[in-house]
Amino acid sequence: DMKRLLPLIFLSLVVACSKSSRQADVPVAEVVPLYSYIAAGHVPDSDSTVLRAFMRTVSEEPLTPELVEAWMSSQAVSVFTPDVDSVFTDTAYVARSLGGILANAEAKGLALPHRQYATVVYGRPESVLFVDSVMLVALNHYLGADYPGYSHWPVYMRLGKTPQALPYDLAEALVATSYPYSLEGGDATALSRMIYEGVLTHAKMSLVPDARLGDALGYTDAQMRWLEENEGSIWRSIIHRQLLYDTSESTADRLVAPSPEVSVVEPAAPGRVGRYIGYRIVSAYLADHPDATLPQMLSPEFYKGNSVLINSQYQH
């Protein structure tokens with residue numbers, strides 16, 4: 001009905017405007033629109049690396065033509081494909097976003113392995129999934145915060161289910177998979193996790209064309225204003241509650257993991273507030289150390305070191 005279609009029509013216009021605003025020379029990645037092929041019945045050959053990787057996510061059975069045919073008539077395909085098509089009218093938005101991210105990553109010296117890329121629809125909770133050498137991007141996770149299919153999810157989760165969030169998720173998935181946070185050595189603290197998350201945010205700001213900090217962090221404009229106005233009290237609360245050098249993984253997760261709020265810091269603090277503070281520390285560090293590179297900052301020697309906070313001269 002029209003009430004269902006209006007948000008999708010609006011979002012398709014957003015995607016179209018985003019594409020037209022890109023520079024003509026932005027690199028375009030090769031992205032296989034696998035969900036479209038499956039919906040249309042034009043699936044790749046059974047020896048396709050992309051098809052094999054995707055079918056492993058939806059079934060544990062050996063890949064056969066019958067299995068692919070069964071998936072073509074599945075509920076996920078019939079429910080999601082029309083709505084995905086109404087928002088993502090072609091592969092250009094994903095291909096250009098991914099192409100720009102990969103080109104910027106290479107320019108920044110990040111060592112990202114060569115992969116194949118495909119857009120899919122499925123019922124899994126992961127919006128971006130790596131299977132062997134294939135990166136699968138589930139477009140049914142990016143249909144807009146008001147999409148009826150997301151109505152059972154809490155608001156903080158729905159806010160990240162927009163086309164605008166897709167490039168940031170792509171960048172984070174690529175970087176975090178190649179440079180994961182290290183728990184080895186027994187010196188992981190809430191501070192080291194916050195700094196790592198801050199570097200990840202800095203990476204997204206560096207890799208995504210036309211990046212905005214609020215979008216990179218997953219905050220609304222109102223949440224960003226609150227954070228900027230209360231940064232000092234957030235920092236003092238973290239120190240006062242002796243969270244900074246806490247070695248518990250659960251403490252670090254409470255500070256940086258998606259959630260409706262971080263009450264351990266302040267009742268009104270939005271989720272992932274530790275990532276925001278980490279980004280502010282990293283930004284302060286880079287102001288005095290502009291030659292620091294992303295590969296250097298994504299190393300455990302950097303985010304677990306004792307000197308980052310001191311050398312950043314971060315004060316609030």
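We count residues from 1, following the sequence as given. Bear in mind that the values here come from a model prediction, so they are computed numbers and not experimental data. We use all heavy atoms of the structure for the numbers below, so side chains are in, but hydrogens, waters and symmetry mates are not.
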Asks: State the OG-NZ distance between Ser127 and Lys161, to the nearest 0.5 angstrom.
Replies: 5.0 Å
Asks: Ignoring hydrogens and angles, tell me if any N or O in the side chain of Asn140 forms a donor-acceptor pair with the backbone of Tyr122 under 3.5 Å.
Replies: yes
Asks: Determine yes or no for a side-chain-to-main-chain donor-acceptor pair under 3.5 angstrom, with Asp90 supplying the side chain and Ala92 the backbone.
Replies: yes
Asks: Between Ser133 and Gln116, do the side chains contain an N or O donor and an N or O acceptor separated by less than 3.5 Å?
Replies: no
Asks: CD of Glu69: more than 12 outside heavy atoms within 6.0 angstrom?
Replies: no
Asks: Run the side chain to side chain contact (heavy atoms under 4.5 Å, CB included) test on Ile281 and Leu191 for me, step by step, so that the C-alpha distance in whole Å, both residues' side-chain angles and the decisive distance to 0.1 Å come before the verdict.
Replies: CA-CA 10 Å; Ile281 293 172; Leu191 175 61; 4.2 Å; yes
Asks: Should Asp221 and Arg212 count as an ion pair when the cut-off is N to O under 4.0 Å?
Replies: yes
Asks: Would you confirm whether Ser97, through its side chain, and Val94, through its main-chain N or O, come within 3.5 Å as a donor-acceptor pair?
Replies: no
Asks: Assess whether atom CD of Glu30 is packed by more than 12 heavy atoms of other residues, nucleotides or ligands within 6.0 Å.
Replies: no
Asks: Considering only heavy atoms from C-beta outward, does the side chain of Arg115 approach that of Leu174 to under 4.5 Å?
Replies: yes
Asks: Is any side-chain heavy atom of Leu227 closer than 4.5 Å to a side-chain heavy atom of Val273?
Replies: yes
Asks: Would you say Ile101 and Val208 make side-chain contact, with heavy atoms under 4.5 Å?
Replies: yes
Asks: Hey, are the side chains of Thr220 and Leu159 touching, using non-hydrogen atoms and a 4.5 Å cut-off?
Replies: yes
Asks: Which heavy atom in Ser182 sits nearest to a heavy atom in Pro300, and how many Å separate them?
Replies: CB-CG, 3.8 Å
Asks: So, for Phe80 and Tyr35, is the gap between ring centers shorter than 6.0 Å?
Replies: no
Asks: His202 side chain to Gly198 main-chain N or O, any donor-acceptor pair under 3.5 Å?
Replies: no
Asks: In Å, rounded to the nearest 0.5 Å, how long is the span from OG1 of Thr189 to CG of Asn306?
Replies: 8.5 Å
Asks: Give the minimum heavy-atom separation between Thr162 and Ala145, together with the two atoms involved.
Replies: CG2-N, 3.8 Å
Asks: To the closest 0.5 Å, what do you measure between CG (Leu298) and OG (Ser178)?
Replies: 9.5 Å
Asks: Answer yes or no: does atom NE2 of His240 have more than 12 heavy-atom neighbours from other residues, nucleotides or ligands under 6.0 Å?
Replies: no
Asks: Going by the rule side-chain contact (heavy atoms from CB on, under 4.5 Å), which residues pair with Ser59 if we only count those two or more places apart in sequence or in a different chain?
Replies: Glu61, Leu67
Asks: Salt-bridge test for Asp215 and Lys204: reply yes if a basic N is under 4.0 Å from a carboxylate O, no otherwise.
Replies: no
Asks: Identify the heavy atoms of Gly274 and Val256 that sit nearest to each other, and give their distance.
Replies: C-CG1, 4.0 Å
Asks: Run the side chain to side chain contact (heavy atoms under 4.5 Å, CB included) check on Lys108 and Leu207 step by step: do they pass?
Replies: CA-CA 9 Å; Lys108 296 291 183 181; Leu207 302 187; 4.2 Å; yes
Asks: Can a donor-acceptor pair be found, under 3.5 Å and without considering hydrogens, that links the side chain of Ser86 to the backbone of Asp83?
Replies: yes
Asks: To the nearest 0.5 Å, tell me how far Tyr37 OH sits from His42 NE2.
Replies: 10.0 Å
Asks: On a heavy-atom basis, which atom in Ala268 and which in Trp226 lie closest, and how many Å separate them?
Replies: CB-CZ2, 3.7 Å
Asks: Should the pair Arg275-Glu172 be classified as a salt bridge under the 4.0 Å nitrogen-to-oxygen rule?
Replies: yes
Asks: Short question: side chain of Arg241, backbone of Val264 - any donor-acceptor pair under 3.5 Å?
Replies: yes
Asks: Checking Tyr142 side chain against Val137 main chain: does a donor-acceptor pair fall under 3.5 Å?
Replies: no
Asks: Val121 and Ala76: which non-hydrogen atoms are nearest, and at how many Å?
Replies: CG2-O, 4.2 Å
Asks: Taking atom CD of Glu106 as the centre, does the number of heavy atoms from other residues, nucleotides or ligands within less than 6.0 Å exceed 12?
Replies: no
Asks: Are the side chain of Tyr196 and the backbone N or O of Gly278 linked by a donor-acceptor pair below 3.5 Å?
Replies: no
Asks: Are the side chains of Ser192 and Tyr181 in contact, using a 4.5 Å heavy-atom criterion?
Replies: yes
Asks: How far apart are the closest heavy atoms of Ala39 and Thr81, and which atoms are they?
Replies: CB-CG2, 3.6 Å
Asks: Under a 3.5 Å cutoff, is there a donor and acceptor pairing between the side chains of Arg254 and Ser250?
Replies: no
Asks: Please check: side-chain N/O of His289 versus main-chain N/O of Ser312, any donor-acceptor pairing under 3.5 Å?
Replies: no
Asks: Are Glu197 and Arg193 within salt-bridge range, i.e. N to O under 4.0 Å?
Replies: yes
Asks: Do Leu166 and Leu139 pass the side chain to side chain contact (heavy atoms under 4.5 Å, CB included) test, and can you show the C-alpha distance, the side-chain angles, and the key distance before you say yes or no?
Replies: CA-CA 9 Å; Leu166 175 54; Leu139 294 183; 4.0 Å; yes
Asks: Looking at side-chain heavy atoms only, is the closest gap between Ile195 and Phe302 below 4.5 Å?
Replies: yes
Asks: Going by heavy atoms in the side chains, are Tyr279 and Leu213 under 4.5 Å from each other?
Replies: yes
Asks: Answer yes or no: is there a side-chain heavy-atom contact under 4.5 Å between Leu244 and Trp235?
Replies: yes
Asks: Counting only heavy atoms not in Glu249, do more than 12 sit closer than 6.0 Å to its CD atom?
Replies: no
Asks: Go through the steps for Leu136 and Val134 under the test side chain to side chain contact (heavy atoms under 4.5 Å, CB included), then give the verdict.
Replies: CA-CA 6 Å; Leu136 302 172; Val134 180; 3.6 Å; yes
Asks: When the ring planes of Tyr147 and Tyr150 are compared, do they come out parallel, tilted or perpendicular, using 30° and 60° as the limits?
Replies: perpendicular
Asks: Atom CG of Leu200 and atom CE of Met205: how far apart are they, to the nearest 0.5 Å?
Replies: 13.5 Å
Asks: With a sphere of 6.0 Å drawn around NE2 of His152, does it hold more than 12 non-hydrogen atoms of other residues, nucleotides or ligands?
Replies: yes
Asks: Can you name the residues that form a side-chain contact (heavy atoms from CB on, under 4.5 Å) with Ser259, not counting sequence neighbours?
Replies: Val262
Asks: Check whether Thr57 reaches the backbone of Phe54 with its side chain - one donor and one acceptor, N or O, closer than 3.5 Å.
Replies: yes
Asks: Kindly compute the distance separating CZ (Arg272) from CD (Gln223), expressed to the nearest 0.5 Å.
Replies: 12.5 Å
Asks: Is it possible for you to check whether Arg280 lies under 6.0 Å from the centre of the six-membered ring of Tyr314, through NZ or CZ, and within 45° of that ring's axis?
Replies: no
